[in-house]
Amino acid sequence: MKNGLRSIAAPRSARLLAFRVARLAAVLLIVTLGTSLLIDLVPGDPAVAIAGETASDAVIAAVREQYGFDQPILQRWWEWTASVVTGDLGESYSTRRPVTTLIAERLPVTIELTVLAMLFTVLVAVPLGLYAAYRSGSWADRAINAMTSALIAVPSFVIGLVLVLAFAIGTGWFPASNWTYLDESVPGNLSAAFLPALSLALVEIAIITPILRADAVATLENDYIALARAKGIGTARLLFRHVLRPSSISTTTLLGLALARLFGGAIVIEFVFNLPGLGSLLITAIRSNDLLLMQGLVAFIALIYVVANFAVDLLLVKLDPRVAAE
Amino acid sequence: MKSKIDGAGPPPVLPAEPGLDGRAPARTRPKGRRRVGVWLAGAWLALVISVALLADVLPLADPTVNIAPAESAPFGAWPEFLGTDRLGRSVLSRLAHGAQVSLLIGVLATVFGMAAGVAMGMLSAVRPASDFVLGALTDSLLAVPGVVLLLALGATMGAGLTPLVLGLALYAMPSFARLARGTTRTVHGRPHVQAAQVMGAGQFRILVREILPAVLRPVIAYSVVVLASLVVAEASVSYLGLGVPPPTPTWGGMISDGQSSLDQAPYLVLVPAAILFITVLSLGVLGRSSRQGNP
């Protein structure tokens with residue numbers, strides 16, 4: 001019976017995988033084309049924008065030649081994409097350094113913030129959502145609901161500033177700005193990362209807690225929960241072992257999407273706390289008209305998101321094989 | 001694992017968008033209390049909208065001119081009961097004019113994003129070929145975080161109203177498209193649509209006359225929630241200093257200006273932040289109640 005089912009299911013999931021890969025390729029195509037098109041939106045001559053108004057004609061011509069602004073869009077896109085595939089994102093004009101090096105320098109900060117924020121989110125949202133579902137309708141459930149629906153209306157940078165006011169300026173427990181690298185000092189690094197990661201996480205907690213709660217309420221109505229209860233399983237074990245997995249489909253999807261939101265949110269939060277991550281690199285690139293650096297960064301951020309979501313899609317099939325049947 | 005044998009367990013419903021259909025089921029709360037919240041939210045939004053509309057007529061100080069003394073705390077003087085900023089400009093007047101900018105950009109972008117998203121979503125629901133294209137296109141738009149999209153457009157098109165509205169509309173479009181696509185597919189099989197088909201109506205006529213009214217109802221309810229997120233996005237970009245350029249006052253820009261004196265004059269951050277928070281919260285409350293009105 002089981003083997004019979006699997007032989008029917010296998011081609012279906014293979015087709016699903018093929019569809020997802022085709023979608024992934026299409027998305028990457030559109031995103032790279034879109035980022036190449038960005039340069040055409042620059043009013044006037046992009047070469048002048050990069051080199052500066054005061055640059056001589058020879059310099060402007062050299063910039064135009066270097067970036068291929070004299071070529072048609074499709075050719076420029078093809079050359080840029082071809083070099084991206086070989087791991088070359090070109091050279092940043094304002095710093096004269098390879099874009100990949102700049103990204104590699106800044107990436108650890110953003111990754112650390114994102115990972116910590118994700119960790120905080122899961123550590124808080126999962127117990128909170130399960131407990132709210134378990135005590136559905138109680139004062140605790142209503143308090144959690146009121147808290148998350150208020151929190152969802154606060155922009156992350158406002159959360160960051162309020163946290164700075166309370167825990168950096170007010171109590172002096174954490175630094176208000178600046179970064180300590182992990183190899184300089186581990187406690188210093190964690191203390192510098194704590195408030196920014198918490199600001200990012202609070203937004204996600206507000207999004208994920210009510211969704212997990214709703215799914216867990218539905219799961220708790222199942223007969224097997226009553227059976228597990230009858231067998232004498234404790235509350236914590238019941239919630240984490242029997243309720244969490246069947247209730248985690250929407251939450252897992254959202255956590256995949258959260259990665260993109262966290263990356264986007266990190267841009268603003270890095271600005272609040274003055275941290276040397278990808279976000280502040282992007283803002284520097286925009287302020288100094290460094291179009292190639294900006295193009296590379298946008299494409300890179302999009303790539304991370306697309307790949308993460310692809311992985312989440314595959315994980316969902318693993319969590320609940322019925323997804324593959326859709 | 002036991003649940004899989006008898007097919008029990010929750011239905012594998014995937015929310016298309018956070019907050020789209022993943023909401024917690026309506027709670028058995030006393031009806032009166034919820035209505036009070038909706039009334040308060042409505043009253044606040046009415047206040048913000050009328051202040052924004054009347055900002056140029058009301059007896060407010062010029063938002064770009066110093067009225068001194070600088071950094072006077074709130075509740076100290078009348079009529080400037082919200083104090084003055086670092087450059088001695090009236091916080092009250094800047095908030096009122098900032099509301100104009102926030103609402104104008106938010107509403108325009110929501111309307112444009114809604115129009116484009118509904119058209120795309122409905123088309124993709126009835127044309128399987130365009131479904132793949134739409135899916136890839138919305139996925140690509142969703143693949144770029146909203147702030148990055150806005151920053152990239154602002155950086156290339158130059159700071160100002162047009163790139164902001166365009167970027168926010170693009171940011172809002174995918175979720176409208178998904179909602180419209182889902183509703184169109186549900187409505188498509190209903191008897192009145194089939195009747196129109198039997199009577200020989202063209203596909204375009206069926207879409208506009210028979211399906212569009214049913215699609216618009218959830219879309220309009222959802223647009224309030226979208227407006228809230230667009231107001232936040234606009235404030236974030238202005239906070240980063242890449243939105244509508246100064247001296248035009250914006251709520252995000254005011255928070256950004258106040259950050260440098262956060263330790264001496266925290267109200268310069270807290271007052272605009274609170275106004276932004278209450279406005280977004282009110283939009284969220286209204287959006288949720290209007291969505292509960294049309295299941």
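In the text below, chain A, chain B and the rest are named by the order of the sequence lines, each starting its count at 1.
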With a 4.5 angstrom heavy-atom cut-off, which part of [X] approaches chain B: side chain, backbone, both or neither?
X        : answer
A:Ser149 : both
A:Val268 : both
A:Leu161 : both

Between [X] and chain A, which part of the residue has a heavy atom less than 4.5 Å away: side chain, backbone, both or neither?
X        : value
B:Ile278 : neither
B:Leu283 : neither
B:Ala228 : neither

[options]: which one forms the most heavy-atom pairs within less than 4.5 Å of chain B?
options                               : result
A:Leu165, A:Leu297, A:Ile267          : A:Leu165
A:Val272, A:Val31, A:Leu282, A:Ile283 : A:Val272
A:Val298, A:Leu29, A:Ile208           : A:Val298
A:Ala26, A:Ala153, A:Ala285, A:Ala25  : A:Ala153

Without swapping roles, check the side chain of A:Glu204 against the backbone of A:Thr121 for a donor-acceptor pair under 3.5 Å.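 The answer is no, because no donor-acceptor pair under 3.5 Å joins these two groups.
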Are the side chain of A:Thr209 and the backbone N or O of A:Ala206 linked by a donor-acceptor pair below 3.5 Å? no
Taking atom CE of A:Met147 and atom CZ of A:Arg142, what is their separation to the nearest 0.5 Å? 15.5 Å
Mind checking whether A:Leu281 and A:Leu293 have side chains closer than 4.5 Å, heavy atoms only? yes
I want to check something: taking the side chain as every heavy atom from C-beta on, are B:Val285 and B:Leu40 in contact at a cut-off of under 4.5 Å? no
Heavy-atom pairs under 4.5 Å with chain A: which of B:Val280, B:Leu281, B:Leu240 has the most?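 Greatest number of close heavy-atom pairs with chain A: B:Leu240.
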Please identify each residue that fulfils ring-ring contact (aromatic ring centres under 6.0 Å, His included) with B:Phe176, with sequence neighbours left out.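 In terms of ring-ring contact (aromatic ring centres under 6.0 Å, His included), with neighbours along the sequence ignored, B:Phe176 is linked to B:Tyr222.
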Between A:Phe271 and B:Tyr239, is the ring centroid distance below 6.0 Å?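 Yes, ring centres under 6.0 Å apart.
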Which pairs, with at least one residue in residues 224-235 of chain B and sequence neighbours excluded, count as a side chain to side chain donor-acceptor pair (under 3.5 Å)?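 Only B:Ser102-B:Glu234, B:Glu234-B:Ser238 qualify under side chain to side chain donor-acceptor pair (under 3.5 Å).
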